[in-house]
Amino acid sequence: MEPFAPRWRGVFGFWRRPKMENQSDHESRLHRIRHSAAHVMAQAVLEQFPEGKLGIGPPIQDGFYYDFDLPRPLTPADLETIKTRMQEIIQEDHPFELQDVSPEEARRLNADQPYKLELIDKLAAGEVDEDDEPMEEEVIISTYRHGTFRDLCRGPHVASTGELDPDAIHLLSTAGAYWRGDESRPMLQRIYGTAWETPGELQVHLERLEEARKRDHRRLGKQLELFSLEPDLLGGGLVLWHPKGGMLRYLAESFCKEEHIKAGYDLVYSPHIGRAALWETSGHLDFYRESMYSPMDVDGQDYYVRPMNCPFHILIYNSRRRSYRELPLRLAEWGTVYRYERPGVLHGLLRVRGFTQDDAHHICSPEQMPEEISFVLDFCLHILRSFGFEDLTAYLSTMPEKRVGEKPQWDAAQIALQEVLEKSGLEYKVDEGAGAFYGPKIDLNIRDALNREWQCSTIQFDFNLPERFDMEYMGEDGQPHRPYMIHRAILGSLERFLGILIEFYGGAFPVWLAPVQVVLIPITDKQLNYCWEISKKLKAAGLRVEVDDARDRMGNKIRKAQEQKTPYMLIVGKREVEAGAVSVRLRTGEDLKARPVDEFLAMPQSVIEARSKELIL
RNA sequence: GCCUACAUAGCUCAGCUGGUAGAGCACGCCCUUGGUAAGGGCGAGGUCAUGGGUUCAAAUCCCAUUGUAGGCUCCA
């Protein structure tokens, strides 16, 4: 089971294609602007580094980049210089000129550009397209020229550099990037930029980036005291959940577990380590070793910390003879696993080395399989929607070259997966050949604050482990049969899911998930006793309540509760005590004025009941 | 792992080209008992990530290590 797989696709643009993708006019104009900005930037860079070599420079979402092989690392000051020169080039208003060239001509024009020559060779040979897949049609090599700069390019561009708005372009950062994305090739310097039609649009985009930084779960995790990472003392990628984050996690977990039980899952528990023999049988030591931690010696035997839960669940299944009458069996566990991840890939809660999966294994007969798939996708969507996630991207990964299992099995499984996706109405993409060697799968991705996609849910067939562990059930015919096994995780990794949840809500959780739902704020400490009294009452009604008894002014207490994004602030002064009321202030800033305590109590209760994002229903 | 940048108080950060550290918040104590996002005073708190080196002198310059950030690659 593999819950991780952010998807990034490089765009590789240097030849013309007969058909344009379906883009709105605005998008396609932005596309041309960004592509043109990349060329203008490349000219500016080459002027500063005449010996520089060009990689590729495509438009991307929100902007563009260009890769260069330069004699020295770029500094932030270089970016300033480059940007200034870009503005000049724009003002010089050079027209973009398209010219089709023969491969020979293209080679002659790029004689001192080794990376471009490599592209021309590939292109001339008609070998591959941008996804390294065989070309379907004959390509026409084309170049675009503006001023002194000519680049191999399929376009399209704006008519002239003067069409760009120099104040709507900004260079964001530099980064290393392998040539053609290949770890064994040279690392080039990439400059990322963003470009828009107007300075106003650029401004909005920069503000959006700033907003995203404020929603960053690492920042909010500290501010809201949800979790911490202590790489120096504890180790990288290992998470400490603090009381507030612990409550959030408990709430998410207990909600999910109840739903699992209602839906017909059995909850199981299994240990964190197992003997080498287990991992040999499962094949992990052969295929997954580089992600596993070194064994520990126990009485002369090797034991491994688990990177996955599946073998344990299979042992539970195999502990006795199974009948077709007990299928489908749905074994679920919040299983903590540990995987070695390369140091450079760790990222807050989103990519860690120790995490807990809401893992389950469905074991069913081949006949039950389509219905089981349908059930599991529905259940998945039910859970994700309960947390407020509606914007999901689904991927169907199909049969790869190297695989186990027979083609008919794969076909049946893929058809079942595709059918439930169709039925669900989700938009999905098919990733041909991207399935694991042991079976096809559906992944559901959600986005973080910076619009990066992260995989959460995964529904995977496994034709491998049932064989390896010789799983069987007794059929109606009195003969042993091999069951189908489906792995699935819905939240995926609790750590990652909560990280995304934090960003999704910017820390202002729905009331049912808020670690603290109500803060009582006395205006003077003469109201403290009354506050404690109310607090007791609200707690008895099941709310999570705090009394701010600090020696501080009310204004500052409100400010702090606001910063903690506490949904309800109850302000209590002399008037409220006399009236047996509380003054209700919402974290939205709305002041609901004084209300009887019982009237207030009904407010969060109905909101929690509905798991609503609102504070009042 | 690779490229680049960064690492100073619990947090956010200042400290120009070398002369043994500073602010705000948070924390503690005191005064203030105040009606919807910061009342005032005092105090405590740092081997400037770690280890080397250069120098009369290093938070500052150089090297290494560790970690973090943004990317790249990876994530059967």
Side-chain angles (χ1 to χ4, degrees), chain A residues 1-8 10 65 67 69-70 72-76 78 172-192 213 216 218-219 222-223 225 228-237 282-284 286-292 307-308 339-348 351 353 400 402-404 434-439 450 452 454-455 460 462 464 521-528 550-564 569-576 583-587 589-594:
Chain A
M1 163 108 38
E2 185 38 66
F4 288 157
R7 274 159 208 274
W8 292 87
Y65 68 79
D67 289 342
D69 193 347
L70 301 175
R72 66 164 175 84
L74 290 164
T75 64
D78 290 326
L172 294 167
S173 60
T174 60
Y178 298 110
W179 168 237
R180 298 220 64 186
D182 183 341
E183 214 176 348
S184 66
R185 313 293 305 270
M187 181 160 270
L188 309 180
Q189 294 192 65
R190 174 172 298 178
I191 303 177
Y192 279 101
R213 269 188 283 276
D216 189 313
R218 291 164 297 183
R219 179 190 170 109
K222 223 175 251 175
Q223 189 187 323
E225 295 189 89
S228 66
L229 300 157
E230 303 284 345
D232 287 327
L233 214 47
L234 218 202
S282 68
H284 285 94
D286 283 336
F287 298 107
Y288 204 68
R289 185 170 226 137
E290 67 281 8
S291 294
M292 293 171 70
M308 294 187 197
R339 298 180 186 177
Y340 174 73
E341 299 282 354
R342 291 159 109 188
V345 307
L346 300 176
H347 182 91
R351 189 84 180 262
R353 284 177 170 160
K402 250 189 83 179
R403 61 169 200 273
V404 300
F437 76 85
Y438 51 76
L450 284 171
R452 295 179 290 206
W454 294 88
Q455 182 186 318
Q460 311 187 343
D462 192 329
N464 184 44
I521 298 175
I523 290 180
T524 79
D525 47 15
K526 292 195 186 73
Q527 288 88 43
L528 263 175
R551 286 174 64 79
D552 208 346
R553 291 180 118 87
M554 176 205 61
N556 206 22
K557 290 183 181 183
I558 289 174
R559 180 162 189 268
K560 282 174 182 160
Q562 198 74 48
E563 277 176 348
Q564 290 299 306
M569 287 158 251
L570 303 184
I571 288 111
V572 173
K574 211 164 113 192
R575 300 202 295 265
E576 284 77 10
S583 251
V584 183
R585 182 197 157 99
L586 306 179
R587 70 177 164 210
E590 206 177 334
D591 181 356
L592 302 182
K593 307 291 181 193

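In what follows, every heavy atom counts, from backbone to side chain, and hydrogens, waters and symmetry copies are set aside. Letters go in sequence order (proteins before strands), and every chain restarts at 1. Worth saying up front: this structure is predicted, and the values here are computed from it rather than measured.
- Across all strands shown, C27(B) forms a Watson-Crick or G-U wobble pair with G43(B), both key distances being under 3.5 Å.
- If you check every strand for non-hydrogen atoms under 4.0 Å, A177(A) touches sugar and phosphate atoms only.
- Going from the P atom of A64(B) to that of U4(B) covers 11 Å, rounded to whole Å.
- In this model, a side-chain donor or acceptor of R351(A) finds a partner on the base of C75(B) within 3.5 Å.
- Under the Watson-Crick or G-U wobble criterion, with both distances below 3.5 Å, A69(B) is paired with U4(B).
- Taking only side-chain atoms of R218(A), from C-beta outward, the nucleotide of U4(B), C72(B), G70(B) with the closest atom is G70(B).
- When heavy atoms are screened at a 4.0 angstrom cut-off, G181(A) is found touching the sugar-phosphate backbone but no base atom.
- Taking atom CD1 of I191(A) as the reference point, atom C1' of G70(B) lies 14 Å away to the nearest angstrom.
- Nucleotides G45(B) and G39(B) place their P atoms 26 Å apart, quoted to the nearest Å.
- In this structure, A76(B) forms no base pair with any nucleotide, since neither Watson-Crick nor G-U wobble geometry is met with both distances under 3.5 Å.
- In this structure, Y178(A) atom OH and G71(B) atom C1' are separated by 11 Å, rounded to whole Å.
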Determine, for nucleotides 29-40 of chain B in 5'-to-3' order, which nucleotides have protein heavy atoms under 4.0 Å from the base (write B), from only the sugar-phosphate (write S), or from neither (write -). ---BBBBBBBB-
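- For the C1' atoms, the distance linking A9(B) with A5(B) amounts to 24 Å, nearest Å.
- In this structure, U50(B) and A64(B) make a Watson-Crick or G-U wobble pair, each of the two defining distances being under 3.5 angstrom.
- Remark: the Q189(A) side chain and the T174(A) side chain contain no N/O donor-acceptor pair separated by less than 3.5 Å.
- Between the C1' atoms of C31(B) and A37(B), the separation comes to 24 Å (whole Å).
- Going from the C1' atom of U17(B) to that of C11(B) covers 31 Å, rounded to whole Å.
- G22(B): Watson-Crick or G-U partner is C13(B), with both key distances under 3.5 Å.
- For the C1' atom pair drawn from G51(B) and U66(B), the interatomic distance equals 10 Å after rounding to whole Å.
- The base of A76(B) sits with one of its N or O atoms less than 3.5 Å from a complementary donor or acceptor on the side chain of H284(A).
- Using the Watson-Crick or G-U wobble rule with both distances under 3.5 Å, A59(B) pairs with nothing in any strand shown.
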